[in-house]
Amino acid sequence: MNKALYISSLVLSVLFGFIIIYYIDMVSYVRYPDSFWNAPDFYGQNEWGVKTEEAGWISLLFFSFFGITFTLGLIKIKRVTNKVLSIIGLSLTALFLLWDLVMLSASENLSFDEVGIGFFFFVPVITAFSIVGIVQSTRYKRQGASTKQIRGSDLLDS
């Protein structure tokens, strides 16, 4: 089950990166059009605030999934490396979740093209942690939940 969660977390982190790029481009285009005469007619006066809220709610779903994945990885897999990375991943996810909630509460003052760049730097971290989680869950499943770890079999145990 954890391996499937980490695989889906890997896929969703890549998808989240593309969604972030899309919304950064959309909000910055609505907020700062090329010129005054080239401004799109279909966007209203504060349409970038609406698009920022939309991107914030989508980001909230992704951050919730990543938080659940790291929490279940912390509970289910008893390897030291996975526990450390799950704690770091939970901390980073909580920080970015808080940043997302601040953006949602003040979407007229803080737009997604400003916050999304920070979210984009979160994507490689989640991707790396998901890859390590896949490896750790595979090793934990192969080793068996009831057997003790072999000393030195984990990088952080030494």
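- Here the straight-line distance linking atom CG of Leu85 with atom CG of Leu74 works out to 11.0 Å at 0.5 Å rounding.
- The shortest distance between side-chain heavy atoms of Ser9 and Leu5 does not fall below 4.5 Å.
- Of the N and O atoms on the side chains of Glu54 and Tyr23, at least one donor lies less than 3.5 Å from an acceptor on the other residue.
- When hydrophobic clusters are built by joining Ile, Leu, Val, Met, Phe, Trp and Tyr residues whose side-chain heavy atoms come closer than 4.5 Å, directly or via intermediates, Leu60 is grouped together with Leu15.
- Under the 4.5 Å side-chain contact rule for hydrophobic residues, Leu95 and Phe122 do not share a cluster.
- Atom-to-atom distance recorded for Ile68:CD1 and Leu90:CG is 10.5 Å, nearest 0.5 angstrom.
- Put simply, CD1 on Ile19 and CG on Leu12 are 8.5 Å apart, with the number rounded to the nearest 0.5 Å.
- The side-chain heavy atoms of Asp100 and Val115, taken from C-beta on, include no pair separated by under 4.5 Å.
- Within the 4.5 Å cutoff, the side chain of Phe112 has heavy atoms near those of the Phe119 side chain.
- Taken from OH in Tyr6 to CG in Leu72, the straight-line distance is 8.5 Å, to the nearest 0.5 Å.
- Remark: side-chain polar atoms of Asp113 are not paired, donor with acceptor, to backbone N or O of Val27 under 3.5 angstrom.
- Between Phe70 and Phe129, the ring planes lie perpendicular to each other; the angle is over 60°, past the 30° to 60° tilted range.
- The hydrophobic clustering, which links ILVMFWY residues whose side-chain heavy atoms are closer than 4.5 Å, places Val125 and Phe121 together.
- One distance of note links CG of Leu92 with CD1 of Ile126; it measures 7.0 Å at 0.5 Å rounding.
- When all heavy atoms of Gly17 and Phe120 are compared, the pair lying nearest together is O-CE1, 3.9 Å.
- Side-chain heavy atoms closer than 4.5 Å link hydrophobic residues (I, L, V, M, F, W, Y) into clusters, and following such links, even through other members, never connects Val14 to Val135.
- The main-chain N or O of Val50 is never found under 3.5 Å from a side-chain atom of Glu53 such that the two would form a donor-acceptor pair.
- No side-chain heavy atom of Phe16 sits under 4.5 Å from any side-chain heavy atom of Ile58.
- A pairwise comparison of heavy atoms in Thr93 and Gly89 identifies OG1-O, 2.6 Å as the closest pair.
- Phe63 and Leu98 are not part of a single hydrophobic cluster, where members link through side-chain heavy atoms under 4.5 Å apart.
- Looking only at atom types and distance, the side chain of Ser13 has a donor-acceptor partner in the side chain of Thr127 under 3.5 Å away.
- Note: Phe96 and Phe66 fail the aromatic proximity criterion, with ring centroids not under 6.0 Å apart.
- The NZ atom of Lys3 lies 8.0 Å from the CD1 atom of Ile134; values are rounded to the nearest 0.5 Å.
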